[in-house]
Number of protein chains: 2
Amino acid sequence: MVMQQGVPENLTIQQMAQVTGLSAHTLRYYERAGLLDLVDRNQQNGYRSYNERHINWIHFIKCLRATGMPIRDIRRYTELLQQGENTVRDRLNLLKAHRQRVEQQLREVKEHLEAVTRKIGYYETLD
Amino acid sequence: MVMQQGVPENLTIQQMAQVTGLSAHTLRYYERAGLLDLVDRNQQNGYRSYNERHINWIHFIKCLRATGMPIRDIRRYTELLQQGENTVRDRLNLLKAHRQRVEQQLREVKEHLEAVTRKIGYYETLD
DNA sequence: GTATAGCCTAGAGTGCGCTCTAAAGCAAGT
DNA sequence: ACTTGCTTTAGAGCGCACTCTAGGCTATAC
């Protein structure tokens, strides 16, 4: 196994788990869920073999998840990606719609957090 | 049933659902979960009877939920509330800890959203 | 009285996103 | 050869927050 420096290649699922911060279970789950096609296998033993492209992709998936995109939408995005260049417009629309929803939700959370802050202020006057 | 104007009183669960935007199912669930003690009953028929205090309380619960506080933490807060004045400090700490977590999460979401925005920017150059 | 509509309870079901288990295969060390 | 520790799969289980169902009671209109 490489892992000295340079471009990561032929990573086992545990190494991939370390690098991405996801568990091996979750990596397999994402693959089954269609978020991660194209995972090559080691020819000798049939183990999954990840490379830098997978790392970058997982990193982006984590951004989508962290901003609340559901698994099925990420699968949809993945499918578009696999269908090639003529889906760029669809992918763009999908991401833009997502961004808009997230921004709306950020505004709502901030608003509701202000109510919490007001309550905190009230409690502080009692101290 | 009153409902003309002035202070809401003796609301049925359906009226309460309308006012709060929660379903009757959810109102019962919140009560069972310990988020909502003290729901009086109509002496004749045993139906739940809500008043303005309940409305305000549900409104605050919605702020906590909207900012991601789990049900069990809201129950904890409810318990403190029921234990009276000497829990003010604990309630304050609970809300402050919550606010801090939410603010942290807002920062993280914003960061990850920037990655999405960068991807959008990239796609737009392809157009 | 009867129909309809709203309320009650206990408990089952749902959807999501993991997370774990069992049984089996492969790899490296002693 | 045996042990240890990784990998594989299919499928079960979990925690959360609802959401709904079944069966029964109550209230009002006709």
Side-chain angles (χ1 to χ4, degrees), chain A residues 1-3 10-51 54 58 61-78 98 101 105 109 112, chain B residues 1-3 10-37 39-51 54 58 60-78 98 101 105 109 112:
Chain A
M1 302 299 138
V2 179
M3 287 302 285
N10 294 325
L11 276 68
T12 68
I13 198 162
Q14 279 308 333
Q15 291 169 330
M16 189 63 175
Q18 284 248 326
V19 169
T20 62
L22 297 177
S23 73
H25 286 307
T26 301
L27 285 169
R28 293 194 197 95
Y29 165 68
Y30 279 2
E31 191 176 336
R32 261 190 295 178
L35 270 52
L36 198 61
D37 229 285
L38 348 136
V39 180
D40 324 314
R41 298 304 181 113
N42 179 311
Q43 286 306 311
Q44 274 74 55
N45 55 27
Y47 293 1
R48 286 174 181 82
S49 176
Y50 300 91
N51 58 42
H54 295 115
I58 289 287
I61 287 181
K62 287 186 77 175
C63 290
L64 296 178
R65 288 293 303 127
T67 51
M69 185 183 285
I71 298 291
R72 65 179 169 291
D73 291 5
I74 304 181
R75 173 167 51 235
R76 175 74 187 133
Y77 182 80
T78 307
H98 176 59
R101 279 190 303 271
Q105 211 208 320
V109 169
H112 287 115
Chain B
M1 303 295 140
V2 179
M3 287 303 286
N10 294 327
L11 275 67
T12 67
I13 197 162
Q14 278 309 332
Q15 292 169 329
M16 188 65 175
Q18 284 249 325
V19 170
T20 62
L22 297 177
S23 73
H25 285 309
T26 301
L27 286 168
R28 293 193 198 96
Y29 164 68
Y30 278 3
E31 191 176 338
R32 262 190 294 178
L35 270 53
L36 198 62
D37 229 286
V39 179
D40 325 315
R41 297 303 181 112
N42 178 312
Q43 286 305 311
Q44 275 74 56
N45 55 27
Y47 292 1
R48 286 173 182 81
S49 178
Y50 298 91
N51 58 40
H54 296 115
I58 289 287
F60 188 59
I61 287 180
K62 287 185 75 176
C63 290
L64 297 178
R65 288 293 303 126
T67 51
M69 185 182 284
I71 297 291
R72 65 178 170 292
D73 291 4
I74 305 180
R75 172 168 51 235
R76 175 74 188 134
Y77 182 79
T78 308
H98 176 59
R101 278 190 303 271
Q105 211 207 323
V109 169
H112 288 116

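Naming convention: chains lettered A, B, ... in sequence-line order (proteins, then strands); numbering from 1 in each chain. Just the heavy atoms: all of them, side chains too, but no hydrogens, waters or symmetry mates, feed the values below.
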Does [X] put a side-chain nitrogen or oxygen below 4.0 Å from OP1 or OP2 of [N]?
X       : N      : value
B:Gln44 : D:dT26 : no
A:Arg32 : D:dG11 : no
B:Tyr30 : D:dC18 : yes
B:Thr12 : C:dC7  : yes
B:Asn45 : D:dA27 : yes
B:Arg48 : C:dC8  : yes

Which whole-number value in Å describes the distance from [X] [atom1] to [N] [atom2]?
X       : N      : atom1 : atom2 : answer
B:Arg65 : D:dA17 : CZ    : C1'   : 7 Å
B:Asp73 : D:dG15 : CG    : P     : 16 Å
B:Gln14 : D:dT28 : CD    : P     : 17 Å
A:Arg75 : C:dC18 : CZ    : P     : 13 Å
A:Ile61 : C:dG17 : CD1   : C1'   : 14 Å
B:Leu27 : C:dT9  : CG    : P     : 13 Å
A:Gln18 : D:dT7  : CD    : C1'   : 16 Å
B:Asn42 : D:dT26 : CG    : C1'   : 10 Å

Contact nearer the 5' end of DNA chain D, comparing B:Thr26 with A:Tyr50: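 It is A:Tyr50, whose closest nucleotide lies nearer the 5' terminus.
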Position toward the 5' end of DNA chain D (nearest nucleotide), A:Ile13 or B:Met69: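 It is A:Ile13 whose nearest nucleotide is closer to the 5' end.
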Least distance between heavy atoms, A:Gln15 atom then A:Asn10 atom: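 For A:Gln15 and A:Asn10, the tightest heavy-atom pair comes out as OE1-O, 4.0 Å.
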Validation row: A:Asp40, A:Asn51 side chains within 4.5 angstrom (heavy atoms):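 Yes, at least one pair of side-chain atoms sits under 4.5 Å.
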Side-chain touch A:Arg65/A:Tyr30, heavy atoms, less than 4.5 angstrom: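 A side-chain contact exists here, since the closest heavy-atom pair is under 4.5 Å.
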Sugar-phosphate, base or nothing in reach of B:Arg28, heavy atoms under 4.0 Å: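 Result for B:Arg28 = base.
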Sugar-phosphate, base or nothing in reach of A:Arg41, heavy atoms under 4.0 Å: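 A:Arg41: backbone/sugar contact only, no base atoms under 4.0 Å.
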Distance-only donor-acceptor test (3.5 Å): side chain B:Tyr47, base C:dG6: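 Per atom types, the contact qualifies.
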Donor-acceptor pair (no angle test) under 3.5 Å: A:Arg72 side chain, C:dG15 base: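 A donor-acceptor contact between them is absent.
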B:Lys62 side chain vs B:Leu22 backbone, donor-acceptor pair below 3.5 Å: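 Between the backbone of B:Leu22 and the side chain of B:Lys62 there is no qualifying donor-acceptor contact (under 3.5 Å).
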A:Tyr47/A:Thr12 under side-chain contact (heavy atoms from CB on, under 4.5 Å): CA gap, chis, key distance, verdict: CA-CA 7 Å; A:Tyr47 293 1; A:Thr12 68; 5.6 Å; no
Closest-nucleotide ordering on DNA chain C, the 5'-leading residue of B:Gly46 and A:Pro70: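 Checking each residue's closest nucleotide, the 5'-ward one belongs to B:Gly46.
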B:Asn42 and B:Ser49: side chain donor to acceptor below 3.5 Å: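 No donor-acceptor contact under 3.5 Å links the two side chains.
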Listed nucleotide nearest any side-chain atom of A:His25, set D:dT7, D:dA17, C:dT19: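 From the listed options, C:dT19 comes nearest.
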